[in-house]
Amino acid sequence: QVQLVESGGGLVQAGGSLRLSCIASGRTVSNYAMGWFRQALGQEREFLASINWSGVSTYYANSGKGRFTISRNNAKNTLYPQMNALNPDDTAVYYCAADKSPSDSAYVPSPIFFDYWGQGTQVTVSS
């Protein structure tokens, strides 16, 4: 079983940046694709980005292109979502997820592909 724990959220002013972390425990996720999502109050969970097991391939939703990046350190079993140029519309709970299916692809743009989820970390962007 895999446990995922996000951290690094908080309150940030518009235009600022945040680097989140998602640490996996229980077993290694070095051979899993990882994903990054958010859910604003009253809205559905939204895909932001995904990365394949090696970190070589990434895929981004249009909402994050140019502002968000995703990377990983398999030696540390950790995913690093980086967010720049934040605005109040980015206020949400941010989640990481792991996809245990055997694939080299980073194209996992939906929650239905993922098997493990973190509890989320709140990001609030003030204007």
With no hydrogens and no angle check, do the side chains of Thr28 and Ser30 hold a donor and an acceptor under 3.5 Å apart? yes
I'd like to know if the side chain of Asn74 reaches the main chain of Trp53, judged simply by a donor and an acceptor atom lying under 3.5 Å from each other, with no hydrogens or angles considered. yes
Identify, with sequence neighbours excluded, every residue that meets side chain to side chain donor-acceptor pair (under 3.5 Å) alongside Ser101. Asp99
Sole residue of Tyr59, Trp36, Tyr60 in ring-ring contact (aromatic ring centres under 6.0 Å, His included) with Phe68: Trp36
Side-chain heavy atoms nearer than 4.5 Å, only ILVMFWY residues, links allowed to pass through others: does that put Tyr94 and Leu79 together? yes
Can any side-chain N or O of Arg72 pair as donor or acceptor with the backbone N or O of Asn52 at less than 3.5 Å? yes
Name all residues meeting the ring-ring contact (aromatic ring centres under 6.0 Å, His included) criterion together with Phe37; count only those two or more places apart in sequence or in a different chain, and write none if there are none. Phe47, Phe114, Trp117
Out of Leu48, Thr121, Val93, which one pairs with Arg38 under the side-chain contact (heavy atoms from CB on, under 4.5 Å) rule? Leu48
Using every non-hydrogen atom in the two residues, find where Ile70 and Ser50 come nearest and quote the distance to one decimal. CG2-O, 3.9 Å
Strictly distance-based, threshold 3.5 Å: is any side-chain N or O of Thr78 a donor or acceptor partner for the main-chain N or O of Ile23? no
Under the disulfide bond (SG atoms under 2.5 Å apart) rule, what pairs show up with a residue in residues 83-127, not counting sequence neighbours? Cys22-Cys96
Do Tyr95 side-chain atoms and Glu6 backbone N/O form a donor-acceptor pair below 3.5 Å? no
How about Val12 and Met83: do any of their side-chain heavy atoms sit closer than 4.5 Å? no
Is a side-chain donor or acceptor of Thr91 paired with a backbone partner of Val125 at a separation under 3.5 angstrom? yes
